[in-house]
Number of protein chains: 2
Amino acid sequence: MRISELSRRSGVPVATIKYYLREELLPAGVATSATQAEYDDHHLRRLRLARALIAVRGLSVSTTREVLRALDEHSTDLHLLFGLALGAVVPTDEPDSPSDQPQEPTPADELISALGWEISEKAPTRATITDTIHTLRELGLPADWQTLVPYARLAERTADLDLAQLEDAEDPLERVERAVLLTILLEPVLLALRRMAQENESAKRHPRPDTGPDTD
Amino acid sequence: MRISELSRRSGVPVATIKYYLREELLPAGVATSATQAEYDDHHLRRLRLARALIAVRGLSVSTTREVLRALDEHSTDLHLLFGLALGAVVPTDEPDSPSDQPQEPTPADELISALGWEISEKAPTRATITDTIHTLRELGLPADWQTLVPYARLAERTADLDLAQLEDAEDPLERVERAVLLTILLEPVLLALRRMAQENESAKRHPRPDTGPDTD
DNA sequence: AAAATTGGGTAGCTCTACTGTCTAATATAG
DNA sequence: CTATATTAGACAGTAGAGCTACCCAATTTT
């Protein structure tokens, strides 16, 4: 198919597809002449995937590029893919400690070793944890890595569910793509579930007197 | 204190503080003359809170404004505050169905009633869930609301942990502020924990042959 | 042969989050 | 009481992200 059909079938404007091609979110089509190129189902699939990450999940174009690149390069090695912590949430990078020497373990390090987890050293998720604990403490909350241990145990079980979803996929390519989609697209959902569970639980514990069993 | 001291104590540039005043992230100081205003610890606290939401969590200024406004207005009614699902992750709003008539229940509705949760009707989290299921299915994943039930159960327990953190706060103002901070600032951490748990679990299930028990 | 489409590229547009500058009024120091 | 510094408030400017519109030459299609 040519670009207009790719556009029609994906719902993405031609100009945007061209932009994505420039940004290397999509591989170039096979050029059949100076002004013609042929795209196939692989491109369509890629495009839909990219759009989902950008429009549904809200990833930036550059983050999406990294995710897609990692998908290509680590189509095996699932845990290596996970270790990249692709498209993690935290956008800021304040190099609070520009040191080189091996400093004392951060709260994240302590947490991870207390959990007995095997986590890559350079995982950006470590910084997220340490930074957040730091911020919470600055704001007067009693936060430390011990607080996070029960959360981490629940995260383990969440990850179990995630990995179970991948069992049915036999094709390894299918498998990594699913892993990425489940990991990234489910993130807003998991947070939404938490919000709703908070609302539900809080309402249960402190019921409004006037909002009884609805007679409406 | 005046604005320069507020700036010095918070680390936020004066120009940025002025911007936040215009954007109503901070209440105006008490004007002592035409060109002078007095700020107090409340302003400082607010400013630190706003900066944490914006710089650490990555919320937009407008979302942050809504969060802070909700904090003021619902300083009691914790579950009402939760129900707002402040600063939820999903940035897009595609009005996919511009209908008025009561349509069939969405996957989110079915999930919520299956869980037995009491959730406000207009919670934006519902749309997040429905949209994501829709997207996953479009991309060929076998996703439906049943898939999310076990995730929701884990979310319940996460929410339990969240609410337990609020127990020690006696002052209700302190309480809602903690609720907001814990809910919002912990989000990246929870996702980071999930990523790491995935990596850990995946490595455990599919150990690399060469990366045995570390001799390093 | 005429009209439509395409690839490739560049420029422009909108939005967000600041940042810098200006002015008049006021505070403060001497 | 004068000189210097600071401030509130307004507004313009900036940088980056994510598109979007336009142009042109080279084909296709009719």
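Just so we're clear, the structure is a prediction, and the values are computed from it rather than from any experiment. Letters go in sequence order (proteins before strands), and every chain restarts at 1.
Residues that satisfy the salt bridge (charged side-chain N to carboxylate O under 4.0 Å, His left out) test with B:Asp109, not counting sequence neighbours, are B:Arg126. In this structure A:Ala197 satisfies the side-chain contact (heavy atoms from CB on, under 4.5 Å) test together with B:Trp117, B:Ala155, B:Glu156, B:Ala159, sequence neighbours excluded. Every residue two or more places apart in sequence or in another chain was checked for a side chain to side chain donor-acceptor pair (under 3.5 Å) with B:Ser120, and none qualifies. A:Arg178 meets the salt bridge (charged side-chain N to carboxylate O under 4.0 Å, His left out) test with A:Asp168, A:Glu174; sequence neighbours excluded. In this structure, the side-chain contact (heavy atoms from CB on, under 4.5 Å) partners of A:Arg65, at least two apart in sequence or on a different chain, are A:Glu23, A:Glu24, A:Leu25, A:Ser62, A:Arg69.
A:Leu68 and A:Arg46 get closest at one heavy-atom pair: O-NH2, 3.7 Å. Of all non-hydrogen atoms in A:Arg157 and B:Leu154, the two that sit nearest each other are C-CD1, 3.7 Å. Between B:Ala179 and B:Leu166 the shortest heavy-atom distance is N-CD2, 3.6 Å. Residues B:Pro107 and B:Ile133 share a closest heavy-atom pair of CB-CD1, 3.7 Å. Closest heavy-atom contact between B:His43 and B:Leu26: O-CD2, 3.7 Å.
Within the nucleic acid shown, B:Arg65 has no heavy atom closer than 4.0 Å to any nucleic acid atom.
Counting heavy atoms from C-beta on, the side chains of B:Asn200 and A:Leu115 never come closer than 4.5 Å. Looking at heavy atoms from C-beta onward, B:Leu191 lies in side-chain contact with A:Leu191 at the 4.5 angstrom threshold.
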Intermediate values then yes/no, side chain to side chain contact (heavy atoms under 4.5 Å, CB included), B:Glu138 and A:Arg48:
CA-CA 9 Å; B:Glu138 270 182 355; A:Arg48 291 212 177 106; 5.8 Å; no
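Proximity of residues 9-24 of chain A to DNA chain C (heavy atom under 4.0 angstrom from any strand atom) is restricted to A:Lys18, A:Arg22. Using a 4.0 Å cutoff on non-hydrogen atoms, the parts of residues 25-50 of chain A near DNA chain D are A:Ser33, A:Ala34, A:Thr35, ordered by number.
The rotation axes computed at either terminus of the helix from C:dA1-D:dT30 to C:dG30-D:dC1 lie 10° apart, taking five pairs at each end and rounding to 10 degrees.
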Distance-only donor-acceptor hits, side chain of residues 27-35 of chain A, under 3.5 Å, sequence neighbours excluded:
residue: A:Ser33; atom: OG; partner: A:Thr35; partner atom: N; Å: 3.3
residue: A:Ser33; atom: OG; partner: A:Gln36; partner atom: N; Å: 3.4

Which pairs of donor and acceptor atoms, one on a side chain in residues 140-152 of chain B, lie under 3.5 Å apart (sequence neighbours left out)?
residue: B:Asp144; atom: OD1; partner: B:Gln146; partner atom: N; Å: 3.3
residue: B:Asp144; atom: OD1; partner: B:Thr147; partner atom: N; Å: 3.1
residue: B:Asp144; atom: OD1; partner: B:Thr147; partner atom: OG1; Å: 2.7
residue: B:Thr147; atom: OG1; partner: B:Asp144; partner atom: N; Å: 3.2
residue: B:Thr147; atom: OG1; partner: B:Asp144; partner atom: O; Å: 3.0
residue: B:Tyr151; atom: OH; partner: A:Asp162; partner atom: N; Å: 3.3
residue: B:Tyr151; atom: OH; partner: A:Asp162; partner atom: OD1; Å: 2.4

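Along DNA chain C, the stretch of nucleotides lying under 4.0 Å from any heavy atom of chain A spans, 5' to 3', C:dT6 to C:dT10. Here chain B contacts DNA chain D (any atom closer than 4.0 Å to a heavy atom, that is under 4.0 Å), and the contacts span D:dT7 to D:dC11 from 5' to 3'.
Projected onto DNA chain D by closest heavy-atom contact, A:Val61 and B:Arg2 fall at different nucleotides, the more 5' of which corresponds to B:Arg2.
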